[in-house]
Amino acid sequence: MTEYNAENWDLMVLEISKKFKVTADFDFMLFLIGIQELGKGMKPYERQEKMDLINLGKCTLLSREGYLKANGRDEEGWPQFEEVKRLKSLTPSFLNHVLKKSAFEYLKIQLQ
């Protein structure tokens with residue numbers, strides 16, 4: 001599982017599904033990245049917190065790709081980001097591709 005492609009993505013999703021005993025999907029992958037970046041570990045989260053963690057996962061990946069830049073944390077310890085490149089110029093399908101490729105690279109490192 002060295003290079004991002006559809007087959008390797010599916011293998012990673014399967015590996016994560018087995019590891020966490022869930023049926024993982026893209027949002028679950030983003031959720032895991034959000035948990036990792038928040039640094040408070042796996043615990044029960046309210047629905048809104050889960051949505052915030054998924055968004056944190058997206059922001060983390062977009063910062064790795066140069067679209068956002070981390071600029072500290074808020075009073076509750078959540079990472080904050082600012083836009084560096086215009087996100088609105090990305091088509092939804094290209095944005096999805098960028099996020100999946102970056103998630104693959106991020107999780108590949110975390111799973112080692």
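Hydrogens, waters and symmetry mates are skipped; everything else that's a heavy atom, side chains included, is used. Values in this document were obtained by computation on a predicted structure and should not be read as measured data.
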### Query
Taking all atoms of both residues into account, what is the closest heavy-atom pair of P79 and E37, and its distance?
CG-O, 4.2 Å

### Message
Using side-chain heavy atoms (C-beta onward) and a distance below 4.5 Å, is M12 in contact with L111?
### Response
yes

### Task
Measure the spacing between OG1 of T2 and NZ of K108 and express it to the nearest 0.5 Å.
6.0 Å

### Summary
Rounded to the nearest 0.5 Å, the CG atom of L62 sits from the CG atom of L87 at a distance of 5.5 Å

### Query
At what distance, to the nearest 0.5 angstrom, does CD1 of I16 lie from CG of L32?
5.5 Å

N/O donor-acceptor pairs under 3.5 Å from side chains in residues 45-55, not counting sequence neighbours:
| unit_1 | atom_1 | unit_2 | atom_2 | d |
| --- | --- | --- | --- | --- |
| Y45 | OH | G41 | O | 2.6 |
| Q48 | NE2 | D52 | OD1 | 3.0 |
| E49 | OE1 | E46 | N | 2.8 |

Would you mind writing out the side-chain donor-acceptor pairs for residues 18-30 within the sub-3.5 Å range, not counting sequence neighbours?
| unit_1 | atom_1 | unit_2 | atom_2 | d |
| --- | --- | --- | --- | --- |
| D25 | OD1 | D27 | N | 3.3 |
| D25 | OD1 | F28 | N | 2.8 |

### Query
Does the side chain of N5 reach to within under 4.5 Å of the side chain of F104, using non-hydrogen atoms?
no

### Query
Side-chain contact, heavy-atom cut-off 4.5 Å: T60 with L56?
yes

### Task
Write down the atom of K85, the atom of E65, and the distance for their closest heavy-atom approach.
NZ-O, 3.9 Å

### Query
Rounded to the nearest 0.5 Å, how far does CG of N96 lie from OG1 of T91?
9.5 Å

### Message
How close do R73 and L38 get, counting heavy atoms only, and between which atoms?
### Response
NH1-O, 3.9 Å

